[in-house]
Structures are given as structure tokens and as C-alpha cells.
Number of protein chains: 2
Amino acid sequence: MARPSPVSDQVRSLFAAEQKHLWSIDELHEAVVGALGAADYSTVFRAVTGMEKEGSIHRIDLGDGKVHYEISEGHHEHIRCDDCGRVVEVPGCVLEDASTSVRTSTGFVVTSHQLLFTGVCPECAAK
Amino acid sequence: MARPSPVSDQVRSLFAAEQKHLWSIDELHEAVVGALGAADYSTVFRAVTGMEKEGSIHRIDLGDGKVHYEISEGHHEHIRCDDCGRVVEVPGCVLEDASTSVRTSTGFVVTSHQLLFTGVCPECAAK
DNA sequence: ATAAATGCAAACGCTTTGCGAGTGC
DNA sequence: GCACTCGCAAAGCGTTTGCATTTAT
């Protein structure tokens, strides 16, 4: 019952690929165009929002006015360079049992979290 | 040399007030209009961006597409209810010495961070 | 006169949606 | 024929900016 969907498929492959883990819709669009020759931004957008509803990817807000998406497996945090804007993944979860302490202090049951460090990357520090 | 600036002053008072610590530009605008009778959104916007440059307030991104601002003193984190969207401040910094561990794992020197928990607030859990 | 604060309106950037056309099944 | 994907274009929405006006010094 499903028709071939080259654009959506390509978006999925991009997320599945190991090279990059954090994508803006724009970057995805560019990559899809590069791979398929042509693709519409809105099609990429719909593929992405579909995947988000499925739960296979989720939004990451880097505070730069653009929405980013990341594959759901392997939760982790990010750190962004104040200078060049580069974003790097912070291996491991820095917040192991913070949720219980948050629960006692606020009464909220923590379901998820998103942490963004900012700092200066080695390259920028070297300048 | 300075002219009276009722709008900017009002914005500053709002941040100085203890009642609310997290403001969207929209909310600030509404509050200023309520207090002064009239004020332009762009004027509030300019007051806010000025304060941000001064360093007296800083942006907080709650991932809802709007920019929020918060007074700089007393760094802390936030938790937002998945259900009703309510945002509550998490007392204390949950990340005491995470920065050194981040530094060893990524090489970045951490200058700041922003953490957003999401969860379910007591009221919504009661439903 | 000068410089600052403000209001108004339009531009902008990115996200989101409506709709019609194309196409496997 | 049907359901689904796609492309195109426009609408939204919040942020940002240009410009003219007002006003205290």
C-alpha cells in the first residue's frame, strides 16, 4: 500500500548514517537535494515531522532560532562554542540521578531533559 | 544627557520585581502596557536587547518558539510540564562540577549552560 | 541644536499549511 | 479509483530593523 517515497527515505537514511547526528531542516534539505537532485523543503519538513511523531527523532533546540533534530537512540547532551557556534556531543549523560532530586524539590516527575552547555572549543581557544 | 525612558524603566522594574522571573517579550509588552497605558512592542524589544547586551538579563530558550528572558543573578534550571506547559524553576544548580568532566571529554571550556527538564507537574499528574 | 526614546510599519527568517498534480497499487 | 507522496506557493508567527517623530537637555 505504500508508494515509494524517495525523499522521506533519504531523510531517514541521513539520520541513520553515522556521520552526523544533529540536523537542521535546512541541512537535511540540502543533503537530500545533493543526493536526489531535487527535493522540496516542505517535503523534507513533512518527513521530519512525521518521524518526530513516530518518536524516531526528536527536536533539539540550540537557541539559534532554528529547529534541529536528532535520532532518538542514545540520549546525550550538547556543547556549543560561544565563538564559532560549533556543536559537539557530550558523551554520556551528565544527569544520572538528578531527576530524583528534581522530583523532591519541585514535585514534577521528570520525563526528559535537554542540556546545552556553551563554552569555547579547543580551536577557538587556540586563537 | 538621558531622556526619561518610561518604557525601558518599566521593563527593568518588571525584571527587578520578585514575582516573576521568566518573561517572554510578549508578556513584558503586555505588562508594560498594563502599567503605562501604552507602549510599543519594538520599544520593549529594544529595551530587552539592550539589557541583554549589558548582561543584566539573558535569553532562555524553552523550546516553544518564543524567546524568554531572565534576570542574570542566581543561575538555575527550569522544568516544564509536558502537559500544561507550566515552567517552574529548579532550585539550586544540578550541575556543580559537571563542567570539568565535560572539559576532559570534549576539550571545551564550559562558560555556561542551560538545562531544561520536561516532566509532568503535580497538578497534571493528579488528573 | 542635539541626542535619546519611542511609535509605526514593514522586512525578515524560519516554520507550517493548503491545494493541486503526479503516480504506484 | 484510491491513497499517498510530492512540489509549489502562500500564510503564519515571532523577531528585527528603518525611519520619522517627539522631547528633554
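Proteins come first, then strands; the chains are lettered A, B, ... in the order of their sequence lines, and each starts at number 1.
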### Message
Between A/V7 and A/M51, is there shared hydrophobic-cluster membership here, with clusters defined by ILVMFWY side-chain heavy atoms closer than 4.5 Å?
### Response
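A/V7 and A/M51: one cluster.
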Rounded distance in Å - [atom1] ([X]) to [atom2] ([N]):
X     : N      : atom1 : atom2 : answer
A/K66 : C/dC12 : NZ    : P     : 17 Å
A/H68 : C/dC14 : NE2   : P     : 10 Å
B/D64 : D/dG12 : CG    : P     : 21 Å
B/L28 : D/dT16 : CG    : P     : 14 Å
A/L62 : C/dT15 : CG    : P     : 12 Å
B/H29 : D/dC13 : NE2   : P     : 18 Å
A/I25 : C/dG13 : CD1   : C1'   : 12 Å
A/E27 : C/dC14 : CD    : C1'   : 14 Å

Would you confirm whether [X], through its side chain, and [Y], through its main-chain N or O, come within 3.5 Å as a donor-acceptor pair?
X      : Y      : answer
A/S24  : A/K66  : no
A/T111 : B/T118 : yes
B/S13  : B/D9   : yes
B/S72  : B/S56  : yes

### Query
Roughly how far, to the nearest 0.5 Å, is the NE2 atom of A/H113 from the CD1 atom of B/I79?
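Result: 11.0 Å between the selected atoms.
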### Message
Just verifying a value: how many Å separate A/I57 CD1 and A/W23 CH2, rounded to the nearest 0.5 Å?
### Response
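If I round to the nearest 0.5 Å, the distance is 12.0 Å.
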### Message
If you take any heavy atom closer than 4.0 Å to DNA chain D, which residues from residues 30-49 of chain B end up in contact?
### Response
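Result for residues 30-49 of chain B: B/Y41, B/S42, B/F45, B/R46, sorted by number.
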### Within residues 6-13 of chain A: residues closer than 4.0 Å to DNA chain D (heavy atoms)
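Heavy-atom cutoff 4.0 Å gives A/P6, A/V7, A/S8.
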### Task
Carefully, step by step, assess B/H78 and B/H68 under the rule ring-ring contact (aromatic ring centres under 6.0 Å, His included).
CA-CA 12 Å; B/H78 299 99; B/H68 294 251; 9.0 Å; no
### Query
Does atom CD of B/E54 have more than 12 heavy-atom neighbours, drawn from other residues, nucleotides or ligands, at distances under 6.0 Å?
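More than 12 within 6.0 Å, yes.
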